[in-house]
Enquirer: 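Structure incoming, see below.
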Amino acid sequence: MTDSNFDFLRAEWPELFAEAVRAERSAVGDPRVSCFFARRALELAVNWLFKADSSLRMPYRDDLNAKLKEPTLVQVAGSVIVTKMDVVRRRGNVAVHRPGDVPAQDAVNAVDELFHVLYWLGRTYARTEAGKPFDGQRFDTSLIPRPVPAEVRRKKYAEVQQMAADFAAQQAELATERRQRKELDDEVKRLRAEVKAAKAANATVPDHHDYSEAQTRTQLIDLLLLEAGWLLDGPDDREYPVTGMPTDSRKGRVDYVLWDDNGKPLAVVEAKRTSKSVESGKYQASLCADALEKEHGQRPIIFYTNGHDTQIWDDAFYRPRPVQGFYTKDQLHLLIQRRARRKSLSTEPIDDGIVNRHYQKRAIQRIGEAFEKDKQRQALLVMATGTGKTRTVIALVDQMIRAGWVKRVLFLADRQVLVSQATNAFKKHLPSVPAVNLLTEKDSNARVYVSTYPTMLNLINEVDDTKQRRFGPGYFDLVVIDEAHRSVYQKYGVIFEHFDSLLVGLTATPKNEIDRNTYRLFHLEEGVPTDVYDLEQAVQEGYLVRPVAKSVTTSRCTSSIRTLA
């Protein structure tokens, strides 16, 4: 008779077993603690996987979120398991960082998903029979103990906050240790050999376990919608009936409808099985949008997802594209308004008071052509230092705001001094548009936000008191990357993946010296940026003078050389 769903971990993963049991035992009695330990158990499991399985490639950033997005993990575990991992991670983040009570059902769901993940881990990697779960084992909620008294739960709240801080400190120490370690020791090499053999042997055994894919998919979609402020508490939010579908009865149901306050549909969400390609939901989502448009007189924005990958499709203007979450009600309302109110960029004049040089105006015009005529969402400007890159992008922002293309803009730089300079430049040349330096201010009513990459990387995970992300995927309409040639996306690429925005890169590096990854980020042919104004042309036209190298010898330098001799 077992007293825990995780007994099979005891033999080979005792530390993981202990954390999983702590999550299980507190699921009903102390949901916040349970979600925290479920996430901790998941992190231990994922860290073990990347240590033990040589087919997994360590991502650029050594944290749980980056590891779950690593393509080799999806190849090894499959999208269903990785999606379950992400549910546990998000539940843990909600429990630790957000105010308010954590429902017991959320904790039970997190432990349930953790069980599926660890079941897969045990049957795939166990090196002994004692470490394997029995075939077809199910998660048994009756093994979760009765809740502890309320006063005990309140006392533990402070404890879990301290545990979270201690855990974060431990993770920082582990990250430092991993960076310093350059080679695997003999124990790890031996472990990998054993795991490889066990993995191969276990793969020959049929897997009859029910991973409850549909439940996981629904949980994750609901979580992502909650982060965008959608409570899904209305009777028509899920399984909304429509007519005009290609069925015998001509009837069908829409998985999710996101409604405006006026009763019109802002968006439709079509959900498919995690094991299926996200593209399999595209046609059904389009049919649902057709039905809703016919019924309500407004075509909704289309989302289709398999719970692991999500696509957004505003088929009135853009092609489908990946998105990391969902838009808020206000953001969807704005997207639909733009269909009628957005002006052509080619007809909106460029402010001569901001830029008055021919090459600056040409750069703005070419960006406008790329965005409007070519339906591209990325542009790269190569402009020599001193030719006014920042002023050019300020004039671009001014034009796009007046044309109704953008509401909020994010300007990213890699140094604090550049952030301060850019903020001052926006305030000077575009005083009517509020700009904020996110390193020193927290103005939520600004139109232009200026930040360093690390600061924004931390801010995109922030939530407010309503459990909504402060900076969701649809918050910014335009993101500008200063000094784009520095290949910042290798370390901070998650920022550009997170925001579903137009993207403009600025660089002074000659076009032939920009690495191919930079061109790939902006979806451009190698060596062909959106527009170029290089040093040679600037010198010929008299806007710059060629630098002159001079050799200077100081007495201190000469004295030091003599001393060394």
Side-chain angles (χ1 to χ4, degrees), residues 4-6 9 13 15-51 59 61-70 73 77 80-121 139 144 153 156-175 215-216 219-220 222-224 226-227 307-308 325 458 460-463 467 469 494:
S4 170
N5 287 286
F6 301 98
L9 298 170
W13 296 278
E15 183 181 6
L16 184 54
F17 167 73
E19 300 302 291
V21 169
R22 295 179 80 173
E24 179 185 44
R25 289 178 177 171
S26 55
V28 176
D30 200 336
R32 188 182 301 277
V33 170
S34 174
C35 289
F36 168 80
F37 279 110
R39 188 193 187 283
R40 171 155 169 74
L42 172 69
E43 187 147 16
L44 289 175
V46 171
N47 288 345
W48 183 89
L49 279 170
F50 276 85
K51 175 182 177 183
R61 292 177 61 243
D62 188 14
D63 61 29
L64 181 59
N65 189 30
K67 288 175 180 175
L68 296 191
K69 292 182 178 178
E70 168 54 40
L73 180 62
V80 174
I81 295 298
V82 174
T83 301
K84 291 176 178 294
M85 291 177 176
D86 200 32
V87 169
V88 177
R89 179 186 71 85
R90 290 176 183 273
R91 291 289 187 200
N93 289 347
V94 168
V96 172
H97 298 297
R98 293 183 179 178
D101 294 333
V102 176
Q105 190 57 51
D106 285 0
V108 173
N109 289 340
V111 176
D112 189 356
E113 300 293 13
L114 177 67
F115 169 76
H116 292 299
V117 171
L118 298 183
Y119 179 98
W120 168 82
L121 178 81
F139 182 72
I144 298 176
R153 294 200 302 273
K156 285 187 177 180
Y157 179 77
E159 296 177 1
V160 76
Q161 297 296 330
Q162 185 60 47
M163 285 187 290
D166 293 344
F167 179 60
Q170 292 171 6
Q171 291 299 102
E173 293 176 4
L174 285 173
Q215 180 183 3
T216 302
Q219 281 197 56
L220 185 55
D222 287 359
L223 274 171
L224 291 172
L226 178 62
E227 289 180 353
H308 186 66
N458 293 328
I460 61 177
N461 289 318
E462 277 192 2
V463 294
K467 302 182 180 180
R469 276 185 185 266
V494 66

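Note that this is a predicted model, so its numbers are computed, not measured.
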Enquirer: Can you name the nearest heavy-atom pair linking V102 to A95, along with the distance?
Expert: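 Nearest pair, atom of V102 first, then A95: CG2-CA, 4.0 Å.
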Enquirer: Supply the atom-to-atom distance F17 CZ to E24 CD, rounded to the nearest 0.5 angstrom.
Expert: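 If we round to the nearest 0.5 Å, F17:CZ and E24:CD are 8.5 Å apart.
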Enquirer: What distance do R469 atom CZ and L226 atom CG have between them, rounded to the nearest 0.5 Å?
Expert: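 Answer for the CZ-CG pair, R469 versus L226, is 11.0 Å.
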Enquirer: Measuring from L9:CG to L121:CG, what's the distance to the nearest 0.5 Å?
Expert: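 The CG atom of L121 is 7.0 Å from CG of L9, to the nearest 0.5 Å.
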Enquirer: Looking only at non-hydrogen atoms, find the nearest pair between W120 and A77 and report the distance.
Expert: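 Smallest heavy-atom distance, with atoms named: CZ2-CA, 3.5 Å.
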Enquirer: List the atom of A66, the atom of D63, and the distance in Å for their closest heavy-atom pair.
Expert: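 Scanning both residues, the minimum pair turns out to be N-OD1, 2.8 Å.
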Enquirer: Less than 4.5 Å apart, side chain to side chain, heavy atoms only: is that true for E227 and L223?
Expert: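 Result no, sub-4.5 Å side-chain heavy-atom pair not found.
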Enquirer: Run through R39, R40, R25 and flag the one making a salt bridge (Lys or Arg N to Asp or Glu O under 4.0 Å) with E19.
Expert: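 Looking at R39, R40, R25, the match for E19 under the salt bridge (Lys or Arg N to Asp or Glu O under 4.0 Å) is R40.
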Enquirer: Supply the atom-to-atom distance L224 CG to D86 CG, rounded to the nearest 0.5 angstrom.
Expert: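 So the gap between those two atoms works out to 7.5 Å.
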Enquirer: So L64 and M85, side chain to side chain contact (heavy atoms under 4.5 Å, CB included) or not? Walk me through it.
Expert: CA-CA 10 Å; L64 181 59; M85 291 177 176; over 6 Å; no
Enquirer: First locate atom CG of D112, then atom CD of Q219, and finally report the distance between them rounded to the nearest 0.5 Å.
Expert: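 It comes to 7.5 Å.
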Enquirer: Check side chain to side chain donor-acceptor pair (under 3.5 Å) between D222 and all other residues, then give those that pass, not counting sequence neighbours.
Expert: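 Only R238, Y256 meet the side chain to side chain donor-acceptor pair (under 3.5 Å) criterion with D222.
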Enquirer: What's the verdict on salt bridge (Lys or Arg N to Asp or Glu O under 4.0 Å) for E113 and R91, showing C-alpha distance, side-chain angles and the deciding distance?
Expert: CA-CA 10 Å; E113 300 293 13; R91 291 289 187 200; over 6 Å; no
Enquirer: Write down the atom of V82, the atom of L68, and the distance for their closest heavy-atom approach.
Expert: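 Closest approach of V82 to L68, heavy atoms only: CG1-O, 3.4 Å.
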Enquirer: How about P59 and F50: do any of their side-chain heavy atoms sit closer than 4.5 Å?
Expert: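 Yes, their side chains come closer than 4.5 Å.
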Enquirer: Can you give me the closest heavy-atom contact between S34 and A27, atom names plus distance?
Expert: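 Scanning both residues completely, I find the closest heavy atoms to be OG-CA, 3.3 Å.
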Enquirer: Apply side chain to side chain contact (heavy atoms under 4.5 Å, CB included) to V111 and F6, showing your working.
Expert: CA-CA 10 Å; V111 176; F6 301 98; 3.9 Å; yes
Enquirer: Which residues pass the ring-ring contact (aromatic ring centres under 6.0 Å, His included) test with F139, sequence neighbours left out?
Expert: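 With sequence neighbours excluded, F139 shows a ring-ring contact (aromatic ring centres under 6.0 Å, His included) to F115, given in chain and number order.
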Enquirer: List the atom of A110, the atom of A38, and the distance in Å for their closest heavy-atom pair.
Expert: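 Taking every non-hydrogen atom into account, CB-CB, 4.4 Å.
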Enquirer: So how far is it from L42 CG to K67 NZ, rounded to the nearest 0.5 Å?
Expert: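 Spacing of CG (L42) from NZ (K67) equals 10.5 Å.
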Enquirer: Ignoring hydrogens and geometry beyond distance, is a side-chain donor-acceptor pair present between N109 and Q105 at under 3.5 Å?
Expert: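 Judged by distance alone, the side chains do pair up.
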